[in-house]
Enquirer: 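I have a structure I would like to understand better, so I am pasting it below and will then ask my questions one at a time.
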Amino acid sequence: MSVELLDAAGRRRSPATVPGYRRGCPPRNKDRRYPADPPRVEEIIAVMRAACTGVHGARIRALIVILWRAGLRIQEALALAETDLEQRRGSILVRRGKGGKRREVGMDDWAWEQVEPWRQLRAQMPVGPLLCVIHGPTRGRAWSQTGARAELRRLAAIAGVRRRFAPHQLRHAHAVEMAREGVPLPVIQRQLGHAHLGGTSTYLQGIDTTEIINTIHARPAPMIPANAGIRL
């Protein structure tokens, strides 16, 4: 005999909300590989502008900036505490990254300016994760990855971005932009928290082919010393 599930208000509860409902069922995107296709700067800015001007808009803009300008993974960003951000040094402390590793990353001044409105609003809520639930009985508790991803997809559709706009794509954009700015590969590796340079190199596959062609095409002609003569 099945027992009807009820929530705290006495309303019928969907079985899908019960922990372990899909236990043993592989996710729909299991073993699926997405190509390195980071969004362009103008697309990211368009998504940020598509967010509302209220507290929800401040939160999603803060998330986008932390993923994009600090290169954090989505689980790392959502696990941040308010005290993990140190604006004076321009650093963010990741207490438990992939593999349980702890690291510090940097973030630029422009990014701190974008995060500051949310930090001021967050100070008025219960103590908890930096990126938290805003309303309801769980106010101040951790924001779920599902909710954050859904909000990013919704805003990308409103902004007219015609490509996959997921948290990891913003992390890819961070790596590609640093490589274009001439940041050494070992620094990019440390910033992203990769154990091996091979993982970092995979992220840089998102560099546009046109950029590679233009860079090689602009190479100077081969030069030989004047005293070597012209005979081969």
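The figures that follow rest on heavy atoms only: side chains count, while hydrogens, waters and symmetry mates do not.
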Enquirer: Is there a side-chain contact between Val115 and Leu85 (heavy atoms, below 4.5 Å)?
Expert: yes
Enquirer: List in chain and number order the residues that pass salt bridge (charged side-chain N to carboxylate O under 4.0 Å, His left out) with Glu181, two or more places apart in sequence or in another chain; answer none if no residue qualifies.
Expert: none
Enquirer: Within this structure, what is the NE2-CD1 distance for the pair His174 and Ile44, rounded to the nearest 0.5 Å?
Expert: 11.5 Å
Enquirer: So which of Leu192, Val105, Leu78, Leu170 actually passes side-chain contact (heavy atoms from CB on, under 4.5 Å) with Leu72?
Expert: Val105
Enquirer: Between the side chain of Arg153 and the main-chain N/O of Arg164, is any donor-acceptor distance below 3.5 Å?
Expert: no
Enquirer: Contact between Met125 and Glu82 at the side-chain level, heavy atoms closer than 4.5 Å - yes or no?
Expert: no
Enquirer: With a 4.5 Å limit on heavy-atom distance, are the side chains of Arg163 and Gln169 in contact?
Expert: no
Enquirer: Glu177 and salt bridge (charged side-chain N to carboxylate O under 4.0 Å, His left out): which single residue from Arg69, Arg171, Arg40 fits?
Expert: Arg69
Enquirer: Please examine the side chains of Trp118 and Leu130, heavy atoms only from C-beta on, and report whether any two atoms are closer than 4.5 Å.
Expert: yes
Enquirer: Answer whether the closest heavy-atom distance between the side chains of Leu93 and Arg102 falls below 4.5 Å.
Expert: yes
Enquirer: Checking Arg49 now: which residues fulfil side chain to side chain contact (heavy atoms under 4.5 Å, CB included) with it, not counting sequence neighbours?
Expert: Ile45
Enquirer: Kindly indicate whether the side chain of Arg103, heavy atoms from C-beta on, has any atom under 4.5 Å from the side chain of Arg190.
Expert: no
Enquirer: Can you find a heavy atom in the side chain of Trp68 that is under 4.5 Å from one in the side chain of Gln114?
Expert: no
Enquirer: Would you sort out whether Val65 and Met48 count as a side-chain contact (heavy atoms from CB on, under 4.5 Å), showing the intermediate values?
Expert: CA-CA 9 Å; Val65 165; Met48 292 177 66; 3.6 Å; yes
Enquirer: In the structure I gave you, are the side-chain heavy atoms of Leu131 and Leu80 within less than 4.5 Å of one another anywhere?
Expert: no
